[in-house]
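Only one structure is covered here, and it is reproduced in the block below.
The chains referred to below are lettered A, B, ... by the order of the sequence lines, with proteins before strands, and numbering in each begins at 1. Everything quoted here is computed from the prediction, not taken from an experiment. Computed from heavy atoms alone, side chains included, the values below leave out hydrogens, waters and symmetry copies.
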2 protein chains.
Amino acid sequence: MAISQEISYRLERLILDGGLAPGQKIPSERQLSTRLGVSRSVIREALHELQGRGVIETRHGKGSFVASMVPEPEELNEQSPLMHLYEGHPRTLYDLLEVREQLEGQAAYLAAQRATSLDKHRISKAFRALEETDPLSNARPDHNFHQAIVEASHNPVLVHVLSSLKNMMLMTVHASVVNLNPRQEMRGQIIRQHKQLYNAILAGKANAAQKAAVAHVRFVSNAMKKLEMEGREVIRMPAMKTSPDQQHLTSL
Amino acid sequence: MAISQEISYRLERLILDGGLAPGQKIPSERQLSTRLGVSRSVIREALHELQGRGVIETRHGKGSFVASMVPEPEELNEQSPLMHLYEGHPRTLYDLLEVREQLEGQAAYLAAQRATSLDKHRISKAFRALEETDPLSNARPDHNFHQAIVEASHNPVLVHVLSSLKNMMLMTVHASVVNLNPRQEMRGQIIRQHKQLYNAILAGKANAAQKAAVAHVRFVSNAMKKLEMEGREVIRMPAMKTSPDQQHLTSL
DNA sequence: ACAGAGAACTGGTCAGACCAGTTTTTCCAA
DNA sequence: TTGGAAAAACTGGTCTGACCAGTTCTCTGT
(Lines give C-alpha, C1' and ligand atoms only; values in the text may rest on other atoms or scores of the structure.)
Protein backbone atom coordinates (compact mmCIF):
# COMPACT_ATOMS: atom_id res chain seq x y z
CA MET A 1 0.00 0.00 0.00
CA ALA A 2 1.12 3.50 -0.79
CA ILE A 3 2.60 5.56 1.99
CA SER A 4 0.06 8.30 1.49
CA GLN A 5 -2.71 5.83 2.11
CA GLU A 6 -1.10 4.43 5.20
CA ILE A 7 -0.78 7.91 6.55
CA SER A 8 -4.33 8.80 5.70
CA TYR A 9 -5.52 5.75 7.60
CA ARG A 10 -3.30 6.48 10.53
CA LEU A 11 -4.60 10.00 10.74
CA GLU A 12 -8.14 8.85 10.34
CA ARG A 13 -7.78 6.34 13.10
CA LEU A 14 -6.27 8.99 15.30
CA ILE A 15 -9.02 11.43 14.60
CA LEU A 16 -11.86 9.03 15.03
CA ASP A 17 -10.45 7.45 18.13
CA GLY A 18 -10.91 10.76 19.76
CA GLY A 19 -7.31 11.86 19.74
CA LEU A 20 -8.43 14.85 17.79
CA ALA A 21 -11.79 16.42 18.37
CA PRO A 22 -13.88 17.95 15.61
CA GLY A 23 -12.98 21.52 14.89
CA GLN A 24 -9.51 20.99 16.17
CA LYS A 25 -6.60 22.01 14.02
CA ILE A 26 -4.27 19.32 12.82
CA PRO A 27 -0.57 20.02 12.37
CA SER A 28 0.55 21.82 9.26
CA GLU A 29 1.61 19.90 6.21
CA ARG A 30 5.24 20.83 6.71
CA GLN A 31 5.17 19.76 10.34
CA LEU A 32 3.58 16.44 9.48
CA SER A 33 6.04 15.87 6.69
CA THR A 34 9.06 16.33 8.93
CA ARG A 35 7.50 14.48 11.85
CA LEU A 36 6.56 11.49 9.76
CA GLY A 37 9.69 11.63 7.69
CA VAL A 38 8.00 11.80 4.31
CA SER A 39 7.77 14.45 1.68
CA ARG A 40 5.13 17.10 1.74
CA SER A 41 3.57 15.63 -1.38
CA VAL A 42 2.48 12.42 0.26
CA ILE A 43 1.14 14.36 3.20
CA ARG A 44 -0.89 16.48 0.85
CA GLU A 45 -2.18 13.42 -0.95
CA ALA A 46 -3.12 11.77 2.32
CA LEU A 47 -4.93 14.90 3.44
CA HIS A 48 -6.79 15.09 0.16
CA GLU A 49 -7.99 11.56 0.71
CA LEU A 50 -9.29 12.50 4.12
CA GLN A 51 -10.86 15.55 2.57
CA GLY A 52 -12.57 13.35 0.02
CA ARG A 53 -13.94 11.27 2.84
CA GLY A 54 -15.11 14.35 4.66
CA VAL A 55 -12.96 13.70 7.69
CA ILE A 56 -11.15 17.01 7.52
CA GLU A 57 -11.64 20.44 6.06
CA THR A 58 -8.84 22.56 4.74
CA ARG A 59 -8.66 26.32 4.59
CA HIS A 60 -6.08 28.19 2.62
CA GLY A 61 -3.64 29.99 4.83
CA LYS A 62 -5.19 28.62 8.00
CA GLY A 63 -4.72 24.91 8.09
CA SER A 64 -6.65 21.68 8.15
CA PHE A 65 -9.30 20.97 10.72
CA VAL A 66 -11.14 17.90 11.86
CA ALA A 67 -14.63 18.04 10.42
CA SER A 68 -17.61 17.42 12.59
CA MET A 69 -19.05 14.06 11.86
CA VAL A 70 -22.62 14.65 12.76
CA PRO A 71 -24.69 17.42 11.31
CA GLU A 72 -23.71 20.01 13.79
CA PRO A 73 -26.07 22.60 15.10
CA GLU A 74 -24.46 25.31 13.05
CA GLU A 75 -21.82 27.03 15.08
CA LEU A 76 -21.86 30.68 15.84
CA ASN A 77 -24.85 31.13 13.68
CA GLU A 78 -28.45 31.75 14.23
CA GLN A 79 -30.25 29.57 11.76
CA SER A 80 -29.54 26.28 13.42
CA PRO A 81 -32.73 24.31 13.71
CA LEU A 82 -31.86 23.02 17.13
CA MET A 83 -30.72 26.42 18.31
CA HIS A 84 -33.94 27.83 17.12
CA LEU A 85 -35.84 25.09 18.77
CA TYR A 86 -33.98 25.83 21.91
CA GLU A 87 -34.87 29.48 22.06
CA GLY A 88 -38.52 28.99 21.41
CA HIS A 89 -38.77 26.01 23.64
CA PRO A 90 -36.78 26.32 26.83
CA ARG A 91 -37.58 22.81 27.83
CA THR A 92 -34.98 21.72 25.30
CA LEU A 93 -32.42 22.57 27.90
CA TYR A 94 -33.69 19.71 29.95
CA ASP A 95 -34.00 17.47 26.92
CA LEU A 96 -30.35 18.02 26.29
CA LEU A 97 -29.53 17.32 29.88
CA GLU A 98 -31.45 14.09 29.63
CA VAL A 99 -29.34 12.97 26.73
CA ARG A 100 -26.21 14.19 28.41
CA GLU A 101 -27.04 12.17 31.45
CA GLN A 102 -26.93 8.97 29.44
CA LEU A 103 -23.95 9.76 27.31
CA GLU A 104 -21.82 11.17 30.09
CA GLY A 105 -22.68 8.20 32.21
CA GLN A 106 -21.64 5.86 29.47
CA ALA A 107 -18.48 7.82 28.83
CA ALA A 108 -17.55 7.71 32.50
CA TYR A 109 -18.18 4.00 32.64
CA LEU A 110 -16.02 3.29 29.65
CA ALA A 111 -13.36 5.76 30.69
CA ALA A 112 -13.00 3.99 34.02
CA GLN A 113 -12.49 0.76 32.15
CA ARG A 114 -10.34 1.91 29.32
CA ALA A 115 -8.42 5.00 30.29
CA THR A 116 -4.74 4.72 29.58
CA SER A 117 -2.24 6.39 31.81
CA LEU A 118 -2.05 9.19 29.31
CA ASP A 119 -5.80 9.61 29.47
CA LYS A 120 -5.66 9.66 33.22
CA HIS A 121 -2.98 12.26 33.11
CA ARG A 122 -5.12 14.46 30.91
CA ILE A 123 -8.13 13.99 33.10
CA SER A 124 -6.10 14.85 36.17
CA LYS A 125 -4.80 17.96 34.52
CA ALA A 126 -8.26 19.08 33.57
CA PHE A 127 -9.48 18.31 37.06
CA ARG A 128 -6.77 20.33 38.71
CA ALA A 129 -7.47 23.21 36.37
CA LEU A 130 -11.08 22.96 37.33
CA GLU A 131 -10.25 23.14 41.01
CA GLU A 132 -7.94 26.05 40.67
CA THR A 133 -10.04 28.24 38.45
CA ASP A 134 -12.33 30.97 39.51
CA PRO A 135 -15.64 29.20 39.44
CA LEU A 136 -17.51 32.07 37.89
CA SER A 137 -15.52 32.00 34.71
CA ASN A 138 -15.79 28.31 34.95
CA ALA A 139 -17.64 27.06 31.93
CA ARG A 140 -14.54 26.19 29.96
CA PRO A 141 -12.61 24.16 32.53
CA ASP A 142 -15.78 22.35 33.46
CA HIS A 143 -16.35 21.45 29.86
CA ASN A 144 -12.74 20.43 29.38
CA PHE A 145 -12.96 18.08 32.30
CA HIS A 146 -15.97 16.33 30.87
CA GLN A 147 -14.41 16.32 27.44
CA ALA A 148 -11.28 14.60 28.71
CA ILE A 149 -13.41 11.88 30.20
CA VAL A 150 -15.32 11.37 27.00
CA GLU A 151 -12.15 11.01 25.02
CA ALA A 152 -10.84 8.47 27.48
CA SER A 153 -13.80 6.28 26.62
CA HIS A 154 -12.09 5.43 23.34
CA ASN A 155 -15.41 5.19 21.63
CA PRO A 156 -15.28 7.28 18.47
CA VAL A 157 -19.01 7.33 18.05
CA LEU A 158 -19.50 8.60 21.54
CA VAL A 159 -16.78 11.17 21.12
CA HIS A 160 -18.24 12.55 17.97
CA VAL A 161 -21.81 12.58 18.97
CA LEU A 162 -20.95 14.47 22.09
CA SER A 163 -18.65 16.91 20.42
CA SER A 164 -21.23 17.64 17.79
CA LEU A 165 -23.43 18.68 20.63
CA LYS A 166 -20.54 20.65 22.01
CA ASN A 167 -22.06 24.04 21.60
CA MET A 168 -25.22 23.10 23.32
CA MET A 169 -23.20 21.36 25.96
CA LEU A 170 -21.28 24.50 26.60
CA MET A 171 -24.54 26.24 26.95
CA THR A 172 -25.87 23.90 29.56
CA VAL A 173 -22.57 23.68 31.35
CA HIS A 174 -22.39 27.41 31.36
CA ALA A 175 -25.90 27.60 32.63
CA SER A 176 -24.97 25.31 35.43
CA VAL A 177 -21.96 27.37 36.35
CA VAL A 178 -23.65 30.71 36.27
CA ASN A 179 -26.83 29.65 37.94
CA LEU A 180 -25.61 27.21 40.47
CA ASN A 181 -22.11 28.10 41.44
CA PRO A 182 -22.89 31.32 43.21
CA ARG A 183 -25.08 29.41 45.56
CA GLN A 184 -22.54 28.18 47.97
CA GLU A 185 -24.13 24.96 49.04
CA MET A 186 -24.71 23.88 45.48
CA ARG A 187 -21.22 24.71 44.47
CA GLY A 188 -19.95 22.50 47.22
CA GLN A 189 -22.06 19.65 46.02
CA ILE A 190 -20.94 20.05 42.45
CA ILE A 191 -17.32 20.07 43.46
CA ARG A 192 -17.89 16.98 45.51
CA GLN A 193 -19.57 15.28 42.57
CA HIS A 194 -16.70 16.13 40.28
CA LYS A 195 -14.28 14.71 42.78
CA GLN A 196 -16.28 11.54 43.12
CA LEU A 197 -16.39 11.11 39.37
CA TYR A 198 -12.69 11.82 39.11
CA ASN A 199 -11.73 9.35 41.78
CA ALA A 200 -13.94 6.62 40.42
CA ILE A 201 -12.44 6.89 36.97
CA LEU A 202 -8.88 6.93 38.20
CA ALA A 203 -9.62 3.95 40.39
CA GLY A 204 -11.11 2.13 37.45
CA LYS A 205 -14.45 1.71 39.17
CA ALA A 206 -16.70 1.71 36.16
CA ASN A 207 -20.05 1.41 37.83
CA ALA A 208 -19.24 4.02 40.42
CA ALA A 209 -18.04 6.35 37.71
CA GLN A 210 -21.17 5.94 35.71
CA LYS A 211 -23.32 6.48 38.73
CA ALA A 212 -21.40 9.59 39.69
CA ALA A 213 -21.67 11.07 36.22
CA VAL A 214 -25.37 10.38 35.92
CA ALA A 215 -25.98 11.74 39.38
CA HIS A 216 -24.01 14.83 38.56
CA VAL A 217 -25.92 15.70 35.44
CA ARG A 218 -29.21 14.87 37.06
CA PHE A 219 -28.38 17.01 40.02
CA VAL A 220 -27.63 19.96 37.78
CA SER A 221 -30.80 19.42 35.88
CA ASN A 222 -32.93 19.16 38.99
CA ALA A 223 -31.29 22.11 40.61
CA MET A 224 -32.03 24.27 37.63
CA LYS A 225 -35.56 23.09 37.47
CA LYS A 226 -35.96 24.00 41.08
CA LEU A 227 -34.43 27.41 40.55
CA GLU A 228 -36.78 28.02 37.70
CA MET A 229 -39.78 27.02 39.69
CA GLU A 230 -38.79 29.41 42.38
CA GLY A 231 -39.19 32.07 39.78
CA ARG A 232 -35.56 32.98 39.43
CA GLU A 233 -34.37 33.89 36.01
CA VAL A 234 -32.31 31.11 34.56
CA ILE A 235 -29.56 32.40 32.39
CA ARG A 236 -29.35 30.35 29.27
CA MET A 237 -27.37 31.98 26.58
CA PRO A 238 -23.79 32.73 27.42
CA ALA A 239 -21.80 34.98 25.21
CA MET A 240 -19.70 32.20 23.88
CA LYS A 241 -16.56 32.38 21.96
CA THR A 242 -15.17 29.31 20.33
CA SER A 243 -11.57 29.10 21.27
CA PRO A 244 -9.68 26.17 19.89
CA ASP A 245 -8.21 24.01 22.54
CA GLN A 246 -4.63 23.04 22.66
CA GLN A 247 -3.70 20.11 20.56
CA HIS A 248 -2.19 16.96 21.82
CA LEU A 249 -0.76 15.00 18.98
CA THR A 250 1.80 12.95 20.72
CA SER A 251 1.07 9.65 19.12
CA LEU A 252 2.06 10.21 15.54
CA MET B 1 -11.85 26.86 -4.57
CA ALA B 2 -8.62 25.04 -5.23
CA ILE B 3 -7.97 23.80 -8.75
CA SER B 4 -7.49 20.25 -7.54
CA GLN B 5 -10.96 20.30 -6.07
CA GLU B 6 -12.54 21.71 -9.18
CA ILE B 7 -10.93 18.98 -11.17
CA SER B 8 -11.97 16.31 -8.75
CA TYR B 9 -15.55 17.50 -8.99
CA ARG B 10 -15.41 17.69 -12.76
CA LEU B 11 -14.12 14.16 -12.96
CA GLU B 12 -16.62 12.92 -10.45
CA ARG B 13 -19.52 14.43 -12.31
CA LEU B 14 -18.23 12.99 -15.50
CA ILE B 15 -18.00 9.57 -13.97
CA LEU B 16 -21.29 9.64 -12.16
CA ASP B 17 -23.13 11.06 -15.11
CA GLY B 18 -22.21 7.98 -16.99
CA GLY B 19 -19.44 9.39 -19.09
CA LEU B 20 -17.14 6.77 -17.69
CA ALA B 21 -18.32 3.31 -16.86
CA PRO B 22 -17.26 1.32 -13.81
CA GLY B 23 -14.07 -0.56 -14.39
CA GLN B 24 -13.09 1.74 -17.18
CA LYS B 25 -9.63 3.19 -17.16
CA ILE B 26 -9.30 6.91 -16.89
CA PRO B 27 -6.49 8.77 -18.63
CA SER B 28 -3.07 8.69 -17.03
CA GLU B 29 -1.99 11.43 -14.68
CA ARG B 30 0.43 12.85 -17.19
CA GLN B 31 -2.18 12.88 -19.91
CA LEU B 32 -4.71 14.60 -17.69
CA SER B 33 -2.15 17.11 -16.59
CA THR B 34 -1.31 18.18 -20.12
CA ARG B 35 -4.90 18.02 -21.32
CA LEU B 36 -6.21 20.13 -18.48
CA GLY B 37 -3.20 22.39 -18.47
CA VAL B 38 -2.27 21.91 -14.83
CA SER B 39 0.62 20.29 -13.07
CA ARG B 40 0.67 16.64 -12.28
CA SER B 41 0.52 17.45 -8.58
CA VAL B 42 -2.96 18.87 -8.69
CA ILE B 43 -4.10 15.96 -10.80
CA ARG B 44 -2.75 13.58 -8.23
CA GLU B 45 -4.42 15.47 -5.43
CA ALA B 46 -7.72 15.50 -7.29
CA LEU B 47 -7.44 11.78 -7.89
CA HIS B 48 -6.69 11.15 -4.23
CA GLU B 49 -9.85 12.98 -3.32
CA LEU B 50 -11.84 10.78 -5.65
CA GLN B 51 -10.08 7.82 -4.14
CA GLY B 52 -11.13 9.00 -0.72
CA ARG B 53 -14.69 9.23 -1.90
CA GLY B 54 -14.45 5.77 -3.36
CA VAL B 55 -15.10 6.94 -6.89
CA ILE B 56 -11.93 5.52 -8.37
CA GLU B 57 -9.33 2.91 -7.61
CA THR B 58 -5.70 3.28 -8.46
CA ARG B 59 -3.20 0.55 -9.22
CA HIS B 60 0.50 1.12 -9.32
CA GLY B 61 1.87 0.80 -12.82
CA LYS B 62 -1.55 0.24 -14.33
CA GLY B 63 -3.60 3.34 -13.88
CA SER B 64 -6.75 4.61 -12.26
CA PHE B 65 -10.09 2.98 -12.82
CA VAL B 66 -13.65 3.92 -12.12
CA ALA B 67 -14.71 1.94 -9.09
CA SER B 68 -17.66 -0.36 -9.36
CA MET B 69 -19.88 2.04 -7.64
CA VAL B 70 -22.78 1.62 -5.36
CA PRO B 71 -25.63 3.81 -6.46
CA GLU B 72 -27.46 2.86 -3.26
CA PRO B 73 -30.93 2.07 -4.61
CA GLU B 74 -33.23 4.68 -3.24
CA GLU B 75 -32.29 5.70 0.21
CA LEU B 76 -30.77 8.93 1.26
CA ASN B 77 -27.29 8.10 0.29
CA GLU B 78 -25.92 10.02 3.20
CA GLN B 79 -22.26 9.16 2.79
CA SER B 80 -21.21 10.32 6.19
CA PRO B 81 -17.62 10.14 7.31
CA LEU B 82 -18.65 7.98 10.22
CA MET B 83 -19.98 5.56 7.68
CA HIS B 84 -16.63 5.34 6.10
CA LEU B 85 -14.98 4.88 9.42
CA TYR B 86 -17.35 2.06 9.92
CA GLU B 87 -16.21 0.33 6.78
CA GLY B 88 -12.57 0.73 7.57
CA HIS B 89 -12.68 -0.10 11.24
CA PRO B 90 -15.12 -2.84 12.09
CA ARG B 91 -14.83 -2.37 15.80
CA THR B 92 -16.95 0.71 15.36
CA LEU B 93 -19.93 -1.57 15.14
CA TYR B 94 -19.60 -2.22 18.83
CA ASP B 95 -18.86 1.37 19.61
CA LEU B 96 -22.08 2.32 17.99
CA LEU B 97 -23.96 -0.39 19.82
CA GLU B 98 -22.60 0.93 23.07
CA VAL B 99 -24.04 4.32 22.32
CA ARG B 100 -27.25 2.83 21.08
CA GLU B 101 -27.64 0.97 24.30
CA GLN B 102 -27.74 4.20 26.24
CA LEU B 103 -29.85 6.21 23.88
CA GLU B 104 -32.40 3.51 23.22
CA GLY B 105 -32.65 2.87 26.92
CA GLN B 106 -33.28 6.52 27.55
CA ALA B 107 -35.76 6.71 24.71
CA ALA B 108 -37.66 3.73 26.05
CA TYR B 109 -37.74 5.19 29.52
CA LEU B 110 -39.09 8.50 28.32
CA ALA B 111 -41.46 6.91 25.86
CA ALA B 112 -43.02 4.91 28.65
CA GLN B 113 -43.53 8.09 30.60
CA ARG B 114 -44.59 10.42 27.86
CA ALA B 115 -46.12 8.50 25.02
CA THR B 116 -49.46 9.90 23.95
CA SER B 117 -52.15 7.65 22.66
CA LEU B 118 -51.12 8.57 19.15
CA ASP B 119 -47.57 7.55 19.91
CA LYS B 120 -48.77 4.31 21.35
CA HIS B 121 -50.82 3.69 18.29
CA ARG B 122 -47.81 4.24 16.08
CA ILE B 123 -45.67 2.00 18.20
CA SER B 124 -48.30 -0.70 18.11
CA LYS B 125 -48.55 -0.46 14.37
CA ALA B 126 -44.81 -0.75 13.98
CA PHE B 127 -44.77 -3.64 16.39
CA ARG B 128 -47.44 -5.54 14.50
CA ALA B 129 -45.61 -4.93 11.25
CA LEU B 130 -42.53 -6.30 12.88
CA GLU B 131 -44.35 -9.43 13.96
CA GLU B 132 -45.94 -10.01 10.63
CA THR B 133 -42.99 -9.46 8.41
CA ASP B 134 -40.58 -12.10 7.46
CA PRO B 135 -37.74 -11.07 9.73
CA LEU B 136 -35.14 -12.20 7.30
CA SER B 137 -36.28 -9.98 4.53
CA ASN B 138 -35.76 -6.60 6.00
CA ALA B 139 -34.23 -4.60 8.75
CA ARG B 140 -36.77 -1.87 8.11
CA PRO B 141 -39.61 -2.99 10.36
CA ASP B 142 -37.16 -3.55 13.14
CA HIS B 143 -35.72 -0.13 12.71
CA ASN B 144 -39.14 1.46 12.40
CA PHE B 145 -40.19 -0.04 15.68
CA HIS B 146 -37.24 1.45 17.47
CA GLN B 147 -37.73 4.71 15.65
CA ALA B 148 -41.31 4.98 16.77
CA ILE B 149 -40.20 4.57 20.36
CA VAL B 150 -37.59 7.26 20.01
CA GLU B 151 -40.12 9.70 18.67
CA ALA B 152 -42.46 8.91 21.50
CA SER B 153 -39.80 10.10 23.91
CA HIS B 154 -40.71 13.65 22.93
CA ASN B 155 -37.13 14.69 23.35
CA PRO B 156 -36.04 16.62 20.26
CA VAL B 157 -32.38 16.35 21.11
CA LEU B 158 -32.62 12.61 21.40
CA VAL B 159 -34.49 12.41 18.12
CA HIS B 160 -31.96 14.63 16.44
CA VAL B 161 -28.96 12.68 17.59
CA LEU B 162 -30.45 9.34 16.74
CA SER B 163 -31.66 10.39 13.35
CA SER B 164 -28.29 11.80 12.46
CA LEU B 165 -26.97 8.36 13.14
CA LYS B 166 -29.79 6.83 11.20
CA ASN B 167 -27.77 5.15 8.52
CA MET B 168 -25.39 3.64 10.98
CA MET B 169 -28.26 2.59 13.11
CA LEU B 170 -29.74 0.85 10.15
CA MET B 171 -26.45 -0.93 9.74
CA THR B 172 -26.46 -2.27 13.25
CA VAL B 173 -30.07 -3.25 13.03
CA HIS B 174 -29.40 -4.92 9.75
CA ALA B 175 -26.42 -6.69 11.16
CA SER B 176 -28.53 -7.93 13.99
CA VAL B 177 -31.29 -9.12 11.70
CA VAL B 178 -29.06 -10.86 9.23
CA ASN B 179 -26.74 -12.48 11.70
CA LEU B 180 -28.98 -13.31 14.56
CA ASN B 181 -32.41 -13.93 13.23
CA PRO B 182 -31.55 -17.02 11.26
CA ARG B 183 -30.52 -18.72 14.46
CA GLN B 184 -33.73 -19.97 15.82
CA GLU B 185 -32.97 -19.68 19.49
CA MET B 186 -31.69 -16.14 19.13
CA ARG B 187 -34.59 -15.10 17.03
CA GLY B 188 -36.90 -16.30 19.72
CA GLN B 189 -35.09 -14.29 22.32
CA ILE B 190 -35.11 -11.19 20.21
CA ILE B 191 -38.82 -11.45 19.59
CA ARG B 192 -39.37 -11.94 23.29
CA GLN B 193 -37.27 -8.88 24.04
CA HIS B 194 -39.20 -6.78 21.59
CA LYS B 195 -42.42 -7.88 23.16
CA GLN B 196 -41.17 -7.06 26.63
CA LEU B 197 -40.11 -3.63 25.51
CA TYR B 198 -43.39 -3.07 23.78
CA ASN B 199 -45.46 -4.10 26.75
CA ALA B 200 -43.46 -2.05 29.19
CA ILE B 201 -43.87 1.09 27.15
CA LEU B 202 -47.57 0.64 26.61
CA ALA B 203 -48.00 -0.04 30.29
CA GLY B 204 -46.08 3.08 31.12
CA LYS B 205 -43.48 1.20 33.12
CA ALA B 206 -40.52 3.44 32.52
CA ASN B 207 -37.86 1.54 34.39
CA ALA B 208 -38.90 -1.76 32.94
CA ALA B 209 -38.89 -0.27 29.46
CA GLN B 210 -35.42 1.12 29.88
CA LYS B 211 -34.16 -2.14 31.23
CA ALA B 212 -35.70 -4.05 28.37
CA ALA B 213 -34.24 -1.75 25.75
CA VAL B 214 -30.78 -1.82 27.25
CA ALA B 215 -30.92 -5.56 27.63
CA HIS B 216 -32.04 -5.93 24.06
CA VAL B 217 -29.21 -3.92 22.55
CA ARG B 218 -26.70 -5.49 24.83
CA PHE B 219 -27.93 -8.92 23.91
CA VAL B 220 -27.51 -8.17 20.24
CA SER B 221 -24.05 -6.82 20.82
CA ASN B 222 -22.92 -9.75 22.88
CA ALA B 223 -24.43 -12.27 20.54
CA MET B 224 -22.54 -10.79 17.64
CA LYS B 225 -19.34 -10.66 19.58
CA LYS B 226 -19.77 -14.27 20.45
CA LEU B 227 -20.44 -15.19 16.86
CA GLU B 228 -17.36 -13.37 15.81
CA MET B 229 -15.21 -15.04 18.40
CA GLU B 230 -16.41 -18.39 17.22
CA GLY B 231 -14.89 -17.46 13.94
CA ARG B 232 -18.13 -17.04 12.11
CA GLU B 233 -18.29 -14.35 9.56
CA VAL B 234 -20.32 -11.43 10.81
CA ILE B 235 -22.10 -9.67 8.04
CA ARG B 236 -21.92 -5.99 8.56
CA MET B 237 -23.07 -4.30 5.43
CA PRO B 238 -26.29 -4.73 3.55
CA ALA B 239 -25.81 -6.38 0.23
CA MET B 240 -25.17 -3.72 -2.30
CA LYS B 241 -26.35 -3.88 -5.81
CA THR B 242 -23.98 -3.49 -8.68
CA SER B 243 -24.41 -0.68 -11.05
CA PRO B 244 -25.64 -0.41 -14.60
CA ASP B 245 -23.24 -0.29 -17.44
CA GLN B 246 -22.50 2.38 -19.89
CA GLN B 247 -19.65 3.24 -22.06
CA HIS B 248 -17.60 5.98 -23.51
CA LEU B 249 -15.85 9.04 -22.41
CA THR B 250 -16.03 12.19 -24.39
CA SER B 251 -15.52 15.54 -22.91
CA LEU B 252 -12.30 16.01 -21.11
C1' DA C 1 8.37 -18.11 -34.56
C1' DC C 2 9.43 -17.11 -30.14
C1' DA C 3 11.62 -15.73 -25.75
C1' DG C 4 13.64 -12.29 -23.56
C1' DA C 5 15.61 -7.79 -23.00
C1' DG C 6 14.70 -3.22 -23.10
C1' DA C 7 11.95 0.77 -24.06
C1' DA C 8 8.02 3.11 -22.94
C1' DC C 9 4.39 3.40 -20.56
C1' DT C 10 1.85 3.51 -15.61
C1' DG C 11 1.60 5.48 -10.66
C1' DG C 12 4.63 6.75 -6.17
C1' DT C 13 7.92 9.65 -3.94
C1' DC C 14 11.07 13.33 -3.42
C1' DA C 15 13.18 18.04 -3.49
C1' DG C 16 12.93 22.84 -3.91
C1' DA C 17 10.90 26.80 -5.53
C1' DC C 18 7.33 30.25 -5.67
C1' DC C 19 2.45 32.16 -5.10
C1' DA C 20 -1.44 33.36 -2.11
C1' DG C 21 -3.91 33.72 1.97
C1' DT C 22 -3.58 34.36 7.46
C1' DT C 23 -1.49 35.27 11.78
C1' DT C 24 2.04 37.10 14.57
C1' DT C 25 5.59 40.15 15.50
C1' DT C 26 7.88 44.30 15.19
C1' DC C 27 8.52 48.92 15.36
C1' DC C 28 7.58 53.71 14.44
C1' DA C 29 4.72 57.55 15.04
C1' DA C 30 0.98 59.93 17.37
C1' DT D 1 2.59 54.51 26.36
C1' DT D 2 -0.10 52.96 22.96
C1' DG D 3 -2.23 52.31 18.00
C1' DG D 4 -1.74 50.75 14.05
C1' DA D 5 0.63 49.78 9.88
C1' DA D 6 4.49 47.34 7.88
C1' DA D 7 7.13 43.21 7.87
C1' DA D 8 8.07 38.63 9.00
C1' DA D 9 6.56 34.09 9.69
C1' DC D 10 3.42 31.15 9.36
C1' DT D 11 -0.57 28.46 6.56
C1' DG D 12 -2.06 25.81 2.18
C1' DG D 13 -1.82 25.77 -3.39
C1' DT D 14 0.73 25.12 -7.52
C1' DC D 15 4.63 24.15 -10.44
C1' DT D 16 8.83 21.76 -12.14
C1' DG D 17 11.79 18.17 -12.87
C1' DA D 18 13.84 14.31 -11.27
C1' DC D 19 14.01 9.44 -9.93
C1' DC D 20 11.97 4.92 -8.25
C1' DA D 21 8.84 1.00 -8.97
C1' DG D 22 5.54 -1.66 -11.11
C1' DT D 23 3.31 -3.05 -16.00
C1' DT D 24 2.93 -3.44 -20.88
C1' DC D 25 4.55 -3.13 -25.38
C1' DT D 26 8.10 -3.69 -28.85
C1' DC D 27 11.86 -5.01 -30.99
C1' DT D 28 15.62 -7.93 -31.51
C1' DG D 29 18.57 -12.05 -31.58
C1' DT D 30 18.50 -16.86 -31.87
Main chain of [Y], side chain of [X]: is a donor-acceptor contact present, judged purely on distance under 3.5 Å?
X	Y	answer
His48(A)	Arg44(A)	yes
Ser221(A)	Val217(A)	no
Glu57(B)	Gln51(B)	no
Asp95(B)	Asn155(A)	no

Give me the distances for all protein-to-nucleotides 9-12 of chain D N/O pairs that come in under 3.5 Å?
unit_1, atom_1, unit_2, atom_2, d
dT11(D), OP1, Ser28(A), OG, 3.1
dT11(D), OP1, Gln31(A), NE2, 3.1
dG12(D), OP1, Glu29(A), N, 3.3
dG12(D), OP2, Glu29(A), N, 3.0
dG12(D), N7, Arg30(A), NH1, 2.9
dG12(D), O6, Arg30(A), NH2, 3.1
dG12(D), N2, His60(A), NE2, 3.4
dG12(D), N3, His60(A), NE2, 3.4

What integer distance in Å separates [X]:[atom1] from [N]:[atom2]?
X	N	atom1	atom2	answer
Glu57(B)	dG12(C)	CD	C1'	17 Å
Ile43(B)	dG17(D)	CD1	P	17 Å
Phe65(B)	dT24(D)	CZ	C1'	12 Å
Ile3(A)	dC19(D)	CD1	P	19 Å

*Determine, for Glu151(A) against Arg114(A), whether the closest basic-nitrogen to carboxylate-oxygen distance falls under 4.0 angstrom.*
no
*Report yes if at least one side-chain N or O of Ser4(A) is closer than 4.0 Å to OP1 or OP2 of dT13(C); otherwise report no.*
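It does, given that an N or O in the side chain of Ser4(A) lies less than 4.0 Å from OP1 or OP2 of dT13(C).
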*Verify the contact: side-chain N or O of Ser41(A) to OP1 or OP2 of dG12(C), cut-off strictly under 4.0 Å; return yes or no.*
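No, because none of the side-chain N or O atoms of Ser41(A) sits under 4.0 Å from OP1 or OP2 of dG12(C).
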*Should the ring pair Phe127(A) and Phe145(A) be called parallel, tilted or perpendicular, given that the plane angle runs from 0 to 90° and is split at 30 and 60?*
tilted
